[in-house]
Each structure stands twice: as C-alpha cells, then as structure tokens.
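These notes are about the structure you will find just below.
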Amino acid sequence: MWVSFVLVVIGLTLGIVFNNMGVISDALHTLADIGASLLIIIAVLVSSPKADKNHNYGHEKRQPIIVIFFSLLLMGLSVWLLYEGITGLISPVEVSGELVLEFWLLIGIVSLSMVSKEAMFWYQIYYAKKYKSDLLKANAWHSRTDSLSSIAVLIGIITGFFIGNNIVESIAVIIVAALIAYIAVKILIKSLSELTDKAVDDETVQEIKKHIEGVHTVVRIDELKTRMFGSAVYVDVEIAVENSLTVVEAHDIAEEVHDTLEALDELGIKHVTVHVNPANISKTS
C-alpha cells in the first residue's frame with residue numbers, strides 16, 4: 001500500500017503537470033491497488049474468526065465472496081481501459097517529438113511503476129502459494145495488470161515521440177484490457193466454484209487416496225468425497241478394516257487417517273470425517 005501511495009502521488013503530479021492522460025490513468029490504476037489492499041485486510045479480518053454457535057464450519061466462505069467482488073472490480077477496470085483505448089484510436093492525441101525534461105520524467109515514473117508492480121506480483125504470488133490464499137493471489141494478479149498497463153503507457157510515450165501521436169499506446173491499452181478481463185473471469189469462476197462446494201481436482205483426490213492407503217491397517221477405501229469450503233478443503237471418507245478388530249482398534253485407525261490427512265498443509269485440508277466399515281461387508285449391502 002505504501003509503495004502504491006508513493007507511485008500515485010508522483011504519477012498524478014507529473015501526469016497533471018504535463019497533461020499526459022496515459023500517466024494519469026496509470027496512477028489511477030495504481031490507486032485502485034490501495035483500495036484492493038484495504039479490501040484484502042477487511043477480508044482477512046472477517047473470515048479469520050473460528051467456528052462459533054451460528055457458524056459451525058467457520059467463516060472461510062466470506063473470502064470467495066469478497067474475491068468475487070474483487071473480480072468484478074477488475075472487469076470494471078478492463079471496461080474502462082477498453083473505452084480509453086478505443087477513444088484513443090478514434091481521436092489520437094498529438095505528442096511532442098522533442099527529448100525534453102518532460103519526456104524523461106514521464107519515462108522514469110512509468111518505468112518505476114512497471115518494475116515496482118512486477119516485483120509486487122512475485123512477492124504476493126509467493127505468499128499466496130505459501131498460505132494457499134486465493135484472495136492474495138487475486139491481488140497479485142491485480143498488480144500484474146498494473147505492470148502490463150504501465151508497459152502499455154511506456155510504449156505509448158516512446159512510440160509517440162517517433163510518430164507524433166498516441167495510437168500505439170491506445171492499441172496496447174486495448175490488449176491490456178483484454179488480458180485483465182481474462183484474468184478476472186478466471187478468478188470469478190474459481191471463487192464461484194468454492195461457494196458451490198465443488199470437489200477438489202483429480203490430482204488432489206489421488207494424493208488424498210495415497211495417504212489413506214498408506215495407513216497399513218486400512219483394507220480399502222469404500223467412498224471418498226471432497227468439497228471446497230471457501231479456501232479450505234473438507235474430506236468425507238469411508239474406509240474398510242478387518243472385522244476382528246475391536247471398536248477401540250477401529251477408532252484408532254480412523255483417528256490415524258484423520259490426523260494424517262489434516263497434517264497435509266500443502267493440500268489445505270481443514271477437516272476430515274472418517275466412517276469405518278467391516279471389510280467383509282460391501283458398502284451397498
């Protein structure tokens with residue numbers, strides 16, 4: 001947020017002083033980052049409380065709801081950029097062809113914005129993967145769109161020097177708008193799937209099965225169901241064990257399966273329910 005604030009102040013100042021709409025729009029795009037960061041802080045605060053009497057499964061689903069809002073924000077941003085790009089093509093703005101101080105100052109602030117936003121993307125995407133946070137991942141991609149937007153503005157400033165107008169910049173802005181829309185749709189689809197209790201992917205299912213079958217006292221897996229609850233994974237599994245085992249022994253096996261799966265932090269499993277069946281009785285009987 002602090003980096004974005006500095007970029008906004010410098011970008012708006014130079015953009016207004018030199019009347020450059022590309023730099024102003026880049027600064028306003030960066031301003032949206034500050035709002036997005038505030039949104040993330042709010043999302044973390046509202047989804048972090050533990051399960052309570054009214055929310056027995058916790059509050060994780062609040063995050064994808066906020067991410068959906070965030071994806072719609074990105075879509076709105078893409079529409080605005082598309083409008084700016086088309087307008088620029090219809091009514092090109094003349095650009096000075098002189099290497100004056102204005103040119104180098106604008107090149108400098110846009111280059112700084114581009115490098116900073118790309119660095120923010122990699123910084124946030126690292127922690128998004130580490131903590132399996134779709135919210136942080138969405139914000140990381142927002143930073144990447146800022147970086148792409150800055151590239152478009154940079155291209156426009158440089159090419160404008162040679163051809164005398166901002167047509168190339170307008171084309172680049174339209175391409176960036178399309179990329180932002182594509183990213184926003186991907187984020188939206190994933191968030192909606194988390195709200196509808198979609199099962200995890202086949203690769204994760206196979207990984208879960210491998211760890212269950214790794215418990216040597218498990219004879220077979222009779223049934224395995226998974227669902228996304230916000231950013232968390234819930235697992236319901238039925239295992240078969242030898243009939244001769246006591247209730248206590250069967251319980252201990254179920255506990256081992258439960259603890260083994262919940263220890264898999266990389267899979268994001270929050271809770272596991274294990275049901276035990278006698279091995280000589282089929283599930284359908």
Side-chain angles (χ1 to χ4, degrees), residues 29 32-52 54-83 120-121 124-146 148-149 175-208 223-237 261-262 264-273:
H29 193 173
D33 269 0
I34 298 176
S37 298
L38 287 172
L39 196 64
I40 284 183
I41 293 173
I42 293 171
V44 170
L45 291 175
V46 300
S47 63
S48 60
K50 295 181 179 180
D52 53 40
N54 296 319
H55 302 86
N56 298 165
Y57 293 94
H59 302 78
E60 281 85 356
K61 280 197 174 181
R62 291 177 178 177
Q63 279 205 24
I65 291 174
I66 294 176
V67 173
I68 287 174
F69 174 78
F70 190 72
S71 66
L72 295 176
L73 182 67
L74 284 178
M75 286 183 185
L77 183 62
S78 69
V79 171
W80 177 69
L81 286 174
L82 182 62
Y83 170 79
M120 285 183 199
F121 167 78
Q124 290 179 98
I125 208 72
Y126 170 79
Y127 284 103
K129 291 179 180 179
K130 181 176 181 180
Y131 297 113
K132 295 189 177 296
S133 171
D134 289 333
L135 194 60
L136 194 56
K137 183 178 180 180
N139 197 52
W141 278 104
H142 190 197
S143 295
R144 169 57 66 82
T145 64
D146 267 355
L148 293 173
S149 177
I175 295 173
V176 170
L179 289 172
I180 293 175
Y182 172 72
I183 293 168
V185 169
K186 284 186 67 176
I187 293 172
L188 179 63
I189 292 173
K190 189 174 190 306
S191 298
L192 288 173
S193 70
E194 291 178 0
L195 286 176
T196 54
D197 291 344
K198 182 182 177 182
V200 299
D201 58 80
D202 291 339
E203 183 180 347
T204 303
V205 169
Q206 293 305 315
E207 186 71 14
I208 291 172
E223 186 174 31
L224 175 62
K225 294 180 180 178
T226 65
R227 62 190 176 97
M228 294 294 299
F229 188 88
S231 57
V233 176
Y234 279 67
V235 178
D236 296 302
V237 60
L261 294 182
E262 288 199 356
L264 300 174
D265 294 333
E266 68 276 10
L267 297 184
I269 298 175
K270 180 179 180 181
H271 184 68
V272 180
T273 300

Open item on the list: Please report the interatomic distance NZ(K270) to CD(E262), rounded to the nearest 0.5 Å.
Closed with: 10.0 Å

Task: Rounded distance [0.5 Å steps], CD in Q206 versus CG in L224 - done: 9.0 Å

Open item on the list: So, taking the atom named CG in N139 and the one named OH in Y127, what distance separates them when rounded to the nearest 0.5 Å?
Closed with: 15.0 Å

Task: I269 vs I208 side-chain heavy atoms within contact, under 4.5 Å - done: yes

Open item on the list: Could you tell me if the side chain of V233 sits less than 4.5 Å from the side chain of L267, heavy atoms only?
Closed with: no

TODO: With rounding to the nearest 0.5 Å, note down the distance linking CZ in R227 to CG in D236.
DONE: 6.5 Å

Open item on the list: Once rounded to the nearest 0.5 Å, what's the spacing between atom CG of L136 and atom OH of Y126?
Closed with: 12.5 Å

- [ ] Compare every heavy atom of A140 with every heavy atom of F121, then report the nearest pair and how far apart it is.
- [x] CD1-O, 3.1 Å

TODO: Report yes if the side chains of I68 and L188 come closer than 4.5 Å at any heavy-atom pair, otherwise no.
DONE: yes

Open item on the list: I'd like to know if the side chain of S143 and the backbone of M120 have a donor-acceptor N/O pair within less than 3.5 Å.
Closed with: no

Open item on the list: Under the criterion side-chain contact (heavy atoms from CB on, under 4.5 Å), I'd like the reasoning laid out for I125 against K137: C-alpha separation, chi angles, the key distance, then a yes or no.
Closed with: CA-CA 6 Å; I125 208 72; K137 183 178 180 180; 3.8 Å; yes

